[in-house]
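Residue numbers start at 1 and run along the sequence shown. Order of appearance sets the numbers: ligands from 1, and atoms from 1 within every ligand. Because the structure is a prediction, the values reported are computed rather than measured.
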Amino acid sequence: MGNDQSTTERRILSGMRSSNPRLHIGNYEGALRNWVELQNQGFKMFCMVADWHALTTMYEQAGEVGRNAIEVAKDYVAAGIDPAKSTIFIQSQVKEHAELHLLFSMMTPLGWLERNPTYKEKQQDIGVAEREPYGLLGYPVLQTADILLYRPWGVPVGRDQAPHLEIGNDIGGRFNRLYGQDVFPAFKYMIPEDESRAKLPGLDMRKMSKSYDNCIYLSDSEDETAKKIKSAYTTPSKQRKTDPGIPEGCAVCQYLKIYHPNWQPLWEEDRAGERGCMQNKTECIEAVNEYFRPMRERRAALDDGAILEVLAKGREEATAVAVETMRLVRDAMGLSYGL
Ligand code: TYM
């Protein structure tokens, strides 16, 4: 029982919410860049667009969530996910996610969800308690269903998702113990080792996030990128070129580290007061724009029709695995009724 992935390709599952039509470079560094690398190493990638998860905070804008989903899929392809090798699909198009979520919701202790740190943060974002939807508390249960439906070898995400992955393996382990079968082998957490990529800072040095309005988007134009980086947070005590900088606390230096091929001497000069923030910014703008140029060009050439075809194919591929897992689940639970 379980996933005999020594003989088949190893599966990887991950996803992004469609709460925004455009992914930011934090989504890219924390997750998408690894997806592309894993795909190119021969892993079987399942790249999901989590439209249902986006509804936990945007249920009043459901149409927007749906339109965004198509755009997010475009960003996946633009970043290098190849639909011929990898499966790109929308969560709500594979109904088994809802069935497995429901079954897991029956066996998940409430305390595990109430203690979840991301639940407390989101509660504060939403504000008024009466408007808090039931789905928000169950968010990690749905995420667990997303993951375990594909019985994956690993899940590549940014640092902020670690609490959800832990709940995921806890629920999988609990299922196996309850029903005496190893349907869900534990999956690996694939979080970038470099902390500045695992939690990429935004233009203001807080975590890059749509809700902080501090993002550089994958599909920003070169001018937009330049304008944003020019206004980015640098060492506050560095007023003149000769003042010493602290690159670890400077957003521009963090981006230089990731995108400039020869960043180390720049950091040392910054620290020694031998280079100014404007010079850093100019070089950072060039490096970021150069890195993302091919993706931006690829994205501009993608149309909705082509993406809808990719998603239709992805839906079929994802459903094939999901149906197989649900058969194992119903058998283990004794709910197959001879079917
Ligand atoms: P979401 O949509 O918030 O973020 C998508 C991915 O981007 C990563 N990320 C970051 N990484 C580094 N630095 C940042 N500043 C940054 N901001 C975001 C996130 O860690 C994530 O990997 N719950 C998930 C979506 C989801 C999912 C899943 C993920 C639904 N089902 C199953 C994995 C497996 C979420 O809200 O991600």
Side-chain angles (χ1 to χ4, degrees), residues 11-35 38 45-58 65 68-69 71-73 75-76 79 89-92 94 97-98 100-101 104 116-119 121-122 125 135-136 138-169 171-172 187-218 251 254-255 258 318 322:
R11 284 191 295 262
I12 302 283
L13 176 288
S14 195
M16 313 241 180
R17 279 173 301 156
S18 59
S19 40
N20 203 38
R22 298 177 320 147
L23 298 180
H24 56 67
I25 66 172
N27 300 134
Y28 179 75
E29 290 305 331
L32 190 49
R33 189 201 271 250
N34 276 349
W35 301 4
L38 290 161
M45 296 296 304
F46 288 82
C47 307
M48 184 185 73
V49 181
D51 56 347
W52 281 339
H53 274 111
L55 292 179
T56 53
T57 52
M58 291 180 68
V65 165
N68 292 348
E71 299 301 315
V72 170
D75 273 342
Y76 289 179
F89 71 100
I90 296 181
Q91 183 183 36
S92 68
V94 181
H97 288 248
L100 190 56
H101 167 247
F104 283 159
N116 165 29
T118 61
Y119 170 58
E121 281 165 28
K122 282 271 156 43
D125 285 356
L136 194 66
Y139 187 113
V141 184
L142 179 57
Q143 183 159 345
T144 300
D146 298 338
I147 296 170
L148 295 184
L149 207 41
Y150 300 88
R151 290 165 290 137
W153 188 77
V155 181
V157 287
R159 168 83 55 222
D160 60 354
Q161 295 300 308
H164 295 163
L165 300 195
E166 271 168 41
I167 294 177
N169 268 331
I171 294 177
F187 57 85
K188 296 190 191 320
Y189 310 170
M190 306 172 104
I191 298 173
E193 271 169 33
D194 177 356
E195 204 42 45
S196 49
R197 289 184 51 212
K199 185 182 170 186
L200 188 80
L203 295 159
D204 56 0
M205 265 319 270
R206 291 187 290 174
K207 182 190 143 194
M208 185 171 286
S209 164
K210 172 198 161 195
S211 43
Y212 295 150
D213 192 19
N214 62 359
C215 302
I216 299 175
Y217 292 100
L218 244 56
Q254 292 297 315
Y255 305 150
I258 297 174

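Of all the listed residues (Tyr139, Trp35, Tyr28), Tyr139 holds the heavy atom that lies closest to atom 35 (C) of ligand 1. Taking only non-hydrogen atoms, the option from Ala162, Gly15, Ser14, Ala145 nearest to atom 25 (C) of ligand 1 is Gly15.
Remark: minimum distance from atom 28 (C) of ligand 1 to any protein heavy atom is reached at Gln143 CG, 3.5 Å. Nearest protein heavy-atom contact of atom 37 (O) of ligand 1 is Gln161 NE2, 3.7 Å. Asn27 ND2, 3.6 Å is the protein heavy atom nearest to atom 4 (O) of ligand 1. Protein heavy atom closest to atom 22 (O) of ligand 1, with residue, atom name and distance, is Gly158 N, 3.1 Å. The protein heavy atom nearest to atom 6 (C) of ligand 1 is Met16 SD, 3.6 Å. For atom 20 (O) of ligand 1, the nearest non-hydrogen atom of the protein is Asp160 OD1, 2.4 Å. In terms of protein heavy atoms, atom 17 (N) of ligand 1 is closest to His24 CE1, 3.5 Å. With respect to atom 31 (N) of ligand 1, the closest heavy atom belonging to the protein is Asp146 OD2, 2.7 Å.
Nearest heavy atom pair, residue Thr56 against residue Gly135, reads CG2-O, 3.8 Å. When all heavy atoms of Pro192 and Ala198 are compared, the pair lying nearest together is O-CB, 3.5 Å. Closest non-hydrogen pair, Pro156 versus Ala31, comes out as O-CB, 3.9 Å. The minimum heavy-atom distance linking Tyr150 with Ala322 is given by the pair OH-CB, 4.3 Å.
Of all the heavy atoms of Leu13, the ones lying under 4.0 Å from any atom of ligand 1 belong exclusively to the side chain. The backbone of Ala198, and not its side chain, has at least one atom closer than 4.0 Å to an atom of ligand 1 (non-hydrogen atoms only; backbone = N, CA, C, O). At a heavy-atom distance under 4.0 Å, no atom of Leu32 approaches ligand 1.
Gln91 does not count as a contact of ligand 1, since none of its heavy atoms falls under 4.0 Å from the ligand.
Here the side chains of Trp35 and Met190 are not in contact, with every heavy-atom distance at 4.5 Å or above. Put simply, the side chain of Phe187 reaches to within 4.5 Å of the side chain of Leu148, judged on heavy atoms. Using a 4.5 Å heavy-atom threshold, the side chains of Leu200 and Tyr28 count as separate. In this structure the side chain of Tyr139 never reaches within 4.5 angstrom of the side chain of Thr118, judged on heavy atoms. Side-chain atoms of Arg33 and Arg197, non-hydrogen and from C-beta on, do get closer than 4.5 Å to each other. At least one side-chain heavy atom of Asp146 sits under 4.5 Å from a side-chain heavy atom of His53.
Short contacts between ligand 1 and Met48, defined as distances under 4.0 Å to a heavy atom of the residue, involve ligand atoms 28 (C), 30 (C), 31 (N). Proximity to Val157 (heavy-atom distance under 4.0 Å) selects the following atoms of ligand 1: 22 (O), 33 (C). For ligand 1, the atoms sitting less than 4.0 Å from at least one non-hydrogen atom of Ile147 are 32 (C), 34 (C), numbered in the order shown with element in parentheses. For ligand 1, the atoms closer than 4.0 angstrom to any heavy atom of Gly30 are 11 (N), 12 (C). Remark: ligand 1 atoms within the under-4.0 Å shell around heavy atoms of Ala50 are 30 (C).
Under the 3.5 Å distance criterion, with hydrogens and angles disregarded, no donor-acceptor pair is assigned to the side chains of His97 and Gln91.
The cationic atom of Arg22 (NZ for Lys, CZ for Arg) lies less than 6.0 Å from the six-membered ring centre of Tyr217 and within 45° of the ring axis.
Looking at Ala31 next to ligand 1, no N or O pair under 3.5 Å apart turns up. In terms of polar-atom proximity, defined here as any N/O pair under 3.5 Å, Lys207 makes no such contact with ligand 1. Among the atoms of Glu29, none of the N or O lies under 3.5 angstrom from an N or O of ligand 1.
In this structure, Lys188 NZ and Ile12 CD1 are separated by 10.0 Å, a value rounded to the nearest 0.5 Å.
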